[in-house]
Amino acid sequence: MKVFVAGGAGYIGSFIVKALGEKGYDILVYDNLSTGHAWAVLYGELIRGDLNDNKTLEDVFSCFKPDAVIHMAASIVVPESVKYPLKYYRNNVINSINLMETCEKFNVKKFVFSSSAAVYGIPRVNPVEEDMALNPINPYGYTKLMVEKILQDLPIQHVCLRYFNVAGADEKRRIGQVVKDATHLITRCVRTALGKYRCLEIYGNDYDTDDGTCIRDYIHVEDLAQAHVLALDYLMDGGNSNVFNCGYGHGYSVLEVVNKTKEVMNINFPTKFKERREGDPPVLIADSKKIRKMLHFKPQHDDLEFIIRTAGNWEKKVWEEKLF
Ligand code: UDP
């Protein structure tokens with residue numbers, strides 16, 4: 001089976017390519033390498049191209065003749081989306097339309113889309129089920145919701161995977177996230193443990209949770225990649241269009257993550273309580289029953305210690321080899 005992976009050289013994409021490659025799929029990665037890296041593509045062929053370039057897209061589709069598309073090429077920094085909404089609507093919505101048009105032209109009818117828990121905004125109830133209200137609170141979340149909605153109007157069988165908090169890296173340290181300015185909690189924690197940052201700031205300790213800090217559902221990137229393989233197999237077996245949460249169904253508070261990092265990396269580091277960060281839901285936990293039941297999703301790394309250890313080992317390499 002031939003799979004076209006848009007954004008396959010990025011953090012999550014590279015793990016999806018690895019998972020597909022290990023299963024013997026024929027892969028073509030299409031990535032503009034704006035945040036991805038050629039070395040991260042462990043299987044298949046990489047074509048450097050942009051989704052705003054219909055001509056190249058069509059040339060690639062006409063040569064490769066994909067059976068299915070996995071689309072995770074997007075801009076993903078929430079505060080940036082607030083500052084530059086048009087950049088986000090263009091990159092995430094218009095470019096997705098280009099890709100969908102190309103699919104239509106070449107009769108590709110299976111499409112896996114990387115969506116986000118950001119489509120829920122601040123949920124009233126946790127764990128969040130897929131059919132709960134969709135109320136994004138930033139342009140990033142809206143871009144994901146818009147693409148979900150557009151897909152619903154097309155004669156393309158699709159699966160939208162709504163990611164919760166993705167973290168961790170390859171145990172063998174081949175691939176992982178590479179960012180210069182980290183915003184995510186686990187990356188910041190391990191960097192602080194490695195002495196790269198002086199202090200870990202905790203955004204808010206007056207939330208209505210047991211220890212007052214926010215709770216998130218952290219999923220290891222390899223389990224998330226596996227969810228994509230399952231989604232693809234589901235579509236190839238004739239499954240109907242659907243949407244699934246990708247999380248474990250339970251969460252950890254910021255303080256629990258901080259303390260686990262200190263334990264796993266065997267080092268103490270300073271923390272400071274700061275103001276709440278704007279737009280942060282107090283709790284965001286996936287209801288993962290649907291993906292477990294319908295896609296037979298069985299996480300292998302539902303283990304905060306493993307997530308933090310692989311993230312920490314990877315970060316060491318990122319700094320040693322100056323990968324960013
Ligand atoms: N967070 C924090 N300090 C940091 C980074 C994040 O306290 O340096 C908190 C953030 O406010 C949120 C949680 O950690 O409650 C997870 O944030 P992250 O940016 O990793 O993911 P998000 O849930 O925003 O997608």
Side-chain angles (χ1 to χ4, degrees), residues 10-12 72 74-83 88 92 114-123 126-128 135-145 161-169 176-177 179-221 224 245-262 265 269-286 304 307-308 310-312 314-315:
Y11 169 46
I12 297 168
M72 84 217 49
S75 301
I76 57 159
V77 182
V78 170
E80 189 191 33
S81 81
V82 176
K83 202 161 171 202
Y88 274 69
N92 295 4
S114 72
S115 187
S116 167
V119 298
Y120 297 115
I122 301 190
N126 271 284
V128 190
N135 292 308
I137 53 161
N138 50 57
Y140 170 71
Y142 270 108
T143 66
K144 292 292 174 183
L145 183 55
L161 296 175
R162 294 182 182 152
Y163 306 171
F164 282 65
N165 288 60
V166 189
Q177 190 170 37
V179 279
K180 194 162 185 294
D181 303 312
T183 59
H184 288 132
L185 177 65
I186 290 185
T187 308
R188 282 202 176 168
C189 281
V190 299
R191 282 187 180 180
T192 314
L194 293 172
K196 307 301 175 192
Y197 301 154
R198 210 181 48 73
C199 168
L200 190 278
E201 295 180 342
I202 296 172
Y203 304 136
N205 63 342
D206 56 353
Y207 285 99
D208 186 16
T209 58
D210 283 351
D211 65 20
T213 65
C214 289
I215 294 175
R216 295 287 180 275
D217 187 337
Y218 296 94
I219 174 171
H220 191 275
V221 63
L224 181 67
N245 286 336
C246 291
Y248 292 144
H250 61 85
Y252 296 97
S253 73
V254 174
L255 271 176
E256 283 173 324
V257 171
V258 167
N259 290 333
K260 189 52 100 179
T261 308
K262 291 178 178 176
M265 301 198 59
F269 55 81
T271 56
K272 191 159 76 189
F273 288 118
K274 299 273 289 188
E275 293 295 287
R276 292 180 175 200
R277 192 174 67 177
E278 205 185 323
D280 263 341
V283 181
L284 193 56
I285 295 174
L304 187 61
I307 293 175
I308 293 173
T310 54
W314 172 254
E315 272 300 321

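In what follows, every heavy atom counts, from backbone to side chain, and hydrogens, waters and symmetry copies are set aside. Quick caveat, the model's predicted, so the values are computed rather than measured. Atoms within each ligand, like the ligands themselves, are counted from 1 in listed order.
Interatomic distance, Ile308 CD1 to Asn259 CG, rounded to the nearest 0.5 Å: 9.5 Å. Note: Thr183 OG1 to Arg277 CZ = 6.5 Å, rounded to the nearest 0.5 Å. Separating the CG atom in Asp280 from the OH atom in Tyr203 is a distance of 9.0 Å, to the nearest 0.5 Å.
The environment of Lys274 atom NZ is sparse: at most 12 non-hydrogen atoms of other residues, nucleotides or ligands sit within 6.0 angstrom.
Taking the six-membered ring where the residue is Trp, Tyr140 and Tyr88 present perpendicular rings, their angle passing 60° and hence far from 30°. The aromatic rings of Tyr248 and His250 lie parallel to each other, their planes meeting at an angle below 30°, with 60° marking the opposite boundary.
The residues lining ligand 1, counting any heavy atom closer than 4.0 Å, are Asn165, Thr183, His184, Leu185, Arg188, Leu200, Glu201, Ile202, Tyr203, Cys214, Arg216, Tyr218, Val254, Arg277, Asp280.
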